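All figures in this text were calculated on a predicted structure; none of them were measured in a lab. When reading the values below, keep in mind they use all heavy atoms of this one structure, side chains included, and skip hydrogens, waters and symmetry mates.
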Amino acid sequence: MAEAKKKRKIYTSEIVWYSIFGALWLTGFVFAILGMFAYNYGKLSTNSLYALQKAFAAFFKMEGVMDFRLWGSLVMVVGMIGILIVIYSYSAKAVEEENKRRRYEERMRILMESDQEAK
């Protein structure tokens, strides 16, 4: 039978980082959806989401409207870049640990062979 593929160790910190960046991405997604809904629902003068965008712009001392579509997309990009960094760093860590384990096994094999030859 074929040997089952070993699963790599999943660290607690890895799960925490995935959760943080996943929540960030999801927040950006919600803002992007709300921004699309604000511009496509009824008249802008009576639209509460459009008024909320204006209020956010006034709060941050910006001119005009703080477009949730743009900011949501930017937050989604930041979240996705964070997720990709976490994937890259922990996969590199797993490869390094696997190489370290193989080197150890090879050293032990050589020592065992030299020990048997000495007897």
Should Met66 and Leu52 be regarded as members of a common hydrophobic cluster, given that ILVMFWY residues are connected when their side-chain heavy atoms come within less than 4.5 Å of each other, either directly or indirectly? yes

Check for me whether Arg69 meets the cation-pi criterion with Tyr39, that is, NZ or CZ under 6.0 Å from the six-membered ring centre and within 45 degrees of the ring axis. yes

Taking the side chain as every heavy atom from C-beta outward, state whether Tyr104 and Arg101 have any pair of such atoms under 4.5 Å apart. no

Inter-residue atom distance Leu70.CG - Gln53.CD, 0.5 Å rounding: 10.5 Å

Rounded to the nearest 0.5 angstrom, the CG-OG distance for Leu24 and Ser19 is 12.5 Å

Just verifying a value: how many Å separate Ile87 CD1 and Trp17 CH2, rounded to the nearest 0.5 Å? 14.5 Å

Tyr11 atom OH, over 12 foreign heavy atoms within 6.0 Å: yes

Determine the minimum heavy-atom distance between Asn47 and Phe37, stating which atoms define it. ND2-O, 4.1 Å

In one Ile/Leu/Val/Met/Phe/Trp/Tyr side-chain cluster, 4.5 Å: Phe60, Leu34: yes

Co-membership, hydrophobic cluster, residues Ile20 and Val75, 4.5 Å side-chain: yes

To the nearest 0.5 Å, how far apart are OH in Tyr90 and CD1 in Ile15? 10.0 Å

Residue pair Glu96, Lys100: steps toward the salt bridge (Lys or Arg N to Asp or Glu O under 4.0 Å) verdict: CA-CA 6 Å; Glu96 180 182 329; Lys100 186 185 290 185; 5.0 Å; no

Taking C-beta and beyond as the side chain, do Phe31 and Met76 meet within less than 4.5 Å on heavy atoms? no

Can you establish whether the number of heavy atoms outside Glu63 located under 6.0 Å from its atom CD is more than 12? no

Any chance you could lay out the ring-ring contact (aromatic ring centres under 6.0 Å, His included) test for Phe21 and Trp25, step after step, and finish with the verdict? CA-CA 6 Å; Phe21 287 121; Trp25 185 88; over 10 Å; no

Work out which heavy atom in Lys54 is nearest to a heavy atom in Val65; give both atom names and the distance. CG-CG2, 3.9 Å

Roughly how far, to the nearest 0.5 Å, is CG of Leu49 from CZ of Phe68? 7.5 Å

Using side-chain heavy atoms (C-beta onward) and a distance below 4.5 Å, is Tyr88 in contact with Leu84? no

Do Ile110 and Met112 belong together in a cluster built from hydrophobic side chains that touch within less than 4.5 Å? no

Quick check: do Val78 and Leu74 have side-chain heavy atoms less than 4.5 Å from each other? no

Taking CD in Glu113 as the centre, count heavy atoms belonging to other residues, nucleotides or ligands within less than 6.0 Å. Is the count above 12? yes

Phe56 with Trp71, same ILVMFWY side-chain cluster at under 4.5 Å: yes

Within a strict 4.5 Å, meaning less than it, do heavy atoms of the Glu105 and Arg109 side chains meet? no

Taking all heavy atoms of Ala57 and all of Gly64, pick out the closest pair and write down the distance. CB-O, 3.3 Å

